[in-house]
**Student:** 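Quick one: structure below, then a few questions.
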Amino acid sequence: MTRFDTKHFLLKQLEDGWMLETSKVTKDVEGDWMLSHDELEELHSLLQKVLR
């Protein structure tokens, strides 16, 4: 199984897709992510690795 780990995110390759987990990201009362600029750049970089 392929996986990519960063400070705030874990991306795992499943049999038919990808699963993104988050550990230290702030969420609002509805469960939506509230990302800082640094967290957003981290997520962007992580997704670029997968899309290449």
Side-chain angles (χ1 to χ4, degrees):
M1 170 179 23
T2 302
R3 63 186 273 154
F4 296 94
D5 254 320
T6 66
K7 182 177 178 184
H8 296 97
F9 303 99
L10 170 61
L11 189 63
K12 295 180 192 176
Q13 186 173 21
L14 305 176
E15 188 174 314
D16 60 348
W18 292 88
M19 179 173 66
L20 179 64
E21 295 180 4
T22 167
S23 60
K24 299 179 182 174
V25 173
T26 304
K27 295 181 182 179
D28 66 13
V29 293
E30 295 176 1
D32 295 328
W33 294 357
M34 299 173 60
L35 300 177
S36 69
H37 182 74
D38 291 341
E39 292 165 341
L40 187 58
E41 285 185 349
E42 180 183 330
L43 179 58
H44 180 255
S45 175
L46 179 63
L47 293 174
Q48 281 185 323
K49 289 179 185 176
V50 174
L51 295 173
R52 290 183 185 175

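Keep in mind that the numbers below use all heavy atoms, side chains included, and drop hydrogens, waters and symmetry copies.
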**Student:** Sequence neighbours excluded, which residues qualify as side-chain contact (heavy atoms from CB on, under 4.5 Å) partners of Glu15?
**Tutor:** none
**Student:** Hey, what do you get for CD (Glu39) to CE (Met34), rounding to the nearest 0.5 Å?
**Tutor:** 10.0 Å
**Student:** With a cutoff of under 4.5 Å between side-chain heavy atoms, which Ile, Leu, Val, Met, Phe, Trp and Tyr residues group with Leu11?
**Tutor:** Phe4, Phe9, Trp18, Leu20, Val25, Trp33, Leu35, Leu40, Leu43, Leu46, Leu47, Val50
**Student:** Not counting sequence neighbours, which residues clear salt bridge (charged side-chain N to carboxylate O under 4.0 Å, His left out) with Glu41? List them please.
**Tutor:** none
**Student:** Who pairs with Thr6 by side-chain hydrogen bond (donor to acceptor under 3.5 Å, both in side chains), at least two apart in sequence or on another chain?
**Tutor:** Glu42
**Student:** List in chain and number order the residues that pass side-chain hydrogen bond (donor to acceptor under 3.5 Å, both in side chains) with His44, two or more places apart in sequence or in another chain; answer none if no residue qualifies.
**Tutor:** none
**Student:** Just jot down the side-chain contact (heavy atoms from CB on, under 4.5 Å) partners of Asp32, sequence neighbours excluded, or say none.
**Tutor:** Asp28, Glu30
**Student:** Assess the residue pair Glu21 and Lys12 against the criterion (side chain to side chain contact (heavy atoms under 4.5 Å, CB included)); give the C-alpha distance rounded to whole Å, side-chain angles, the decisive distance to 0.1 Å, and a yes or no.
**Tutor:** CA-CA 8 Å; Glu21 295 180 4; Lys12 295 180 192 176; 3.5 Å; yes
